[in-house]
> 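I'd like to ask you about the structure that follows.
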Amino acid sequence: MGSDEVTRESVHLLGYIAGDRSVPAVAELLDDSDEHTRETARMTLERIPGDAAIDALLDAVENSDGDTRPRVLYSLSKKAAPRAIPMLESHATKGPAATRLAALEGLARIGVQSADALFRAALDNPGDMSREVLYRKYLLLADTLNESSSREAALPIFRQVLGHAPAGYLREHALLGLCPPGSVENVDTLLASLNDKSRRVHRLAVRRISMLEVAEVAPKIRSVYETASAEARPALLRALASTDPGGAPNELKQAAVSANPSLKITALDVTNKLDQPTLTKTYRNLATSGARAIQKVAIKGYLETAHGELSRGEKGKASAMFRDLSLIHISEPTRRTPISYAV
């Protein structure tokens with residue numbers, strides 16, 4: 001092992017045991033002739049706790065060049081130290097794209113509310129910065145604020161990303177932040193997201209709507225139910241039935257005879273009428289090709305119909321259905337069969 005390797009290994013280990021007294025020696029290595037040693041020193045300062053390491057990184061930001069400054073800023077941001085905020089703010093608006101992005105990420109990690117304006121300015125005029133990357137770091141700011149009891153400051157950021165981010169996964173992330181499970185805080189946003197062009201956003205909106213159980217939202221759900229997409233209507237129907245004080249009997253009655261098979265079996269599930277021998281083929285098809293939430297209803301319907309055949313004395317039909325059930329796989333990560341899922 002060469003001397004450089006020995007130095008790097010020793011400095012790396014220092015990161016787990018060192019304190020303020022070791023910082024000056026490690027900081028000197030930021031100017032080492034070997035680039036790998038310099039990088040190891042930076043990451044070691046990142047791990048060493050205390051003010052001395054923060055001071056060393058602050059000095060390193062000023063003394064570093066355009067290639068290394070983004071990495072030093074990143075290490076500084078990992079410290080989440082309020083003393084680093086002025087330095088990060090100054091570099092968030094000047095220098096190469098990598099430097100500005102690193103500074104913005106640092107402000108996001110610390111959860112600086114005033115960084116909202118810096119992100120908006122950068123998104124308005126990104127220059128050579130990637131808008132997608134900017135939105136990712138903007139979401140990091142929202143998440144940090146949301147997790148630090150500053151939800152009111154996070155909500156406008158989530159809304160901004162949901163309304164303007166170019167990628168579906170970014171808008172999905174924003175919708176997750178805006179609409180926790182079962183919350184009616186932003187039900188209008190959920191309903192509007194049913195029209196998002198991203199299937200990821202659409203599916204999340206459907207899942208969240210299906211969890212609503214508060215009577216006040218029933219009129220809003222009813223207002224979009226008739227014009228919603230075929231994929232969204234089953235979840236809307238289930239939510240309407242659970243939120244409407246009267247149980248939405250008219251909608252359930254119409255859905256039970258609908259030409260939309262997913263909507264039909266949802267209505268039968270809500271009204272506890274899934275035992276339908278005439279729908280055996282429908283259940284079988286939806287169990288293998290329907291959306292995940294519908295697959296589970298189809299499996300349930302197929303299973304209840306099989307039990308119904310057994311109770312009606314049709315042992316041959318029931319036995320064949322149970323055997324068939326064990327061969328069907330639904331699109332779950334574990335690839336469980338419906339029979340094991342039902343058990």
> Determine whether K137 and D143 satisfy the following criterion, salt bridge (charged side-chain N to carboxylate O under 4.0 Å, His left out), listing intermediate values before the conclusion.
CA-CA 10 Å; K137 298 184 188 302; D143 288 338; over 6 Å; no
> Would you kindly say whether R323 and S319 are connected by a side-chain donor-acceptor distance under 3.5 Å?
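A donor-acceptor contact under 3.5 Å links the two side chains.
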> Are Y138 and R120 close enough that a side-chain donor and a side-chain acceptor fall under 3.5 Å?
yes
> Checking R238 against S210 for the side-chain hydrogen bond (donor to acceptor under 3.5 Å, both in side chains) test, could you report, in this order, the C-alpha distance in whole Å, the side-chain angles of both residues, the deciding distance, and whether it holds?
CA-CA 6 Å; R238 191 178 294 277; S210 69; over 6 Å; no
> Donor-acceptor pair, distance only, cut-off 3.5 Å: does the side chain of S242 make one with the backbone of L212?
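A pair under 3.5 Å: yes.
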> The test is salt bridge (charged side-chain N to carboxylate O under 4.0 Å, His left out); show your working for E231 and R199 and say whether it passes.
CA-CA 10 Å; E231 184 180 356; R199 289 186 61 81; 3.3 Å; yes
> List the steps and the verdict of ring-ring contact (aromatic ring centres under 6.0 Å, His included) for H307 and F322.
CA-CA 9 Å; H307 279 294; F322 283 125; 5.2 Å; yes
> If we ignore hydrogens and angles and just use 3.5 Å, is the side chain of R131 paired with the main-chain N or O of L123 as donor and acceptor?
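It does hold such a pair.
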> Is there a donor-acceptor pair closer than 3.5 Å between any side-chain N or O of E226 and the backbone N or O of S223?
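Side chain of E226 to backbone of S223, a donor-acceptor pair under 3.5 Å: no, none is there.
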> Is the backbone of H12 close enough, under 3.5 Å, to the side chain of R47 for a donor and an acceptor to pair up by distance?
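Yes: the side chain of R47 pairs with the backbone of H12.
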> Checking side-chain polar atoms at under 3.5 Å, does T99 have a donor or acceptor matched by the opposite partner on R69?
no
> Apply salt bridge (charged side-chain N to carboxylate O under 4.0 Å, His left out) to K94 and E89, showing your working.
CA-CA 9 Å; K94 65 182 182 182; E89 288 178 332; over 6 Å; no
> May I ask you to check whether R136 and Y169 show a side-chain donor-acceptor distance below 3.5 Å?
yes
> Does NZ or CZ of R233 come closer than 6.0 Å to the centre of the six-membered ring of Y225, within 45° of the ring's axis?
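Yes, R233 sits over the ring of Y225.
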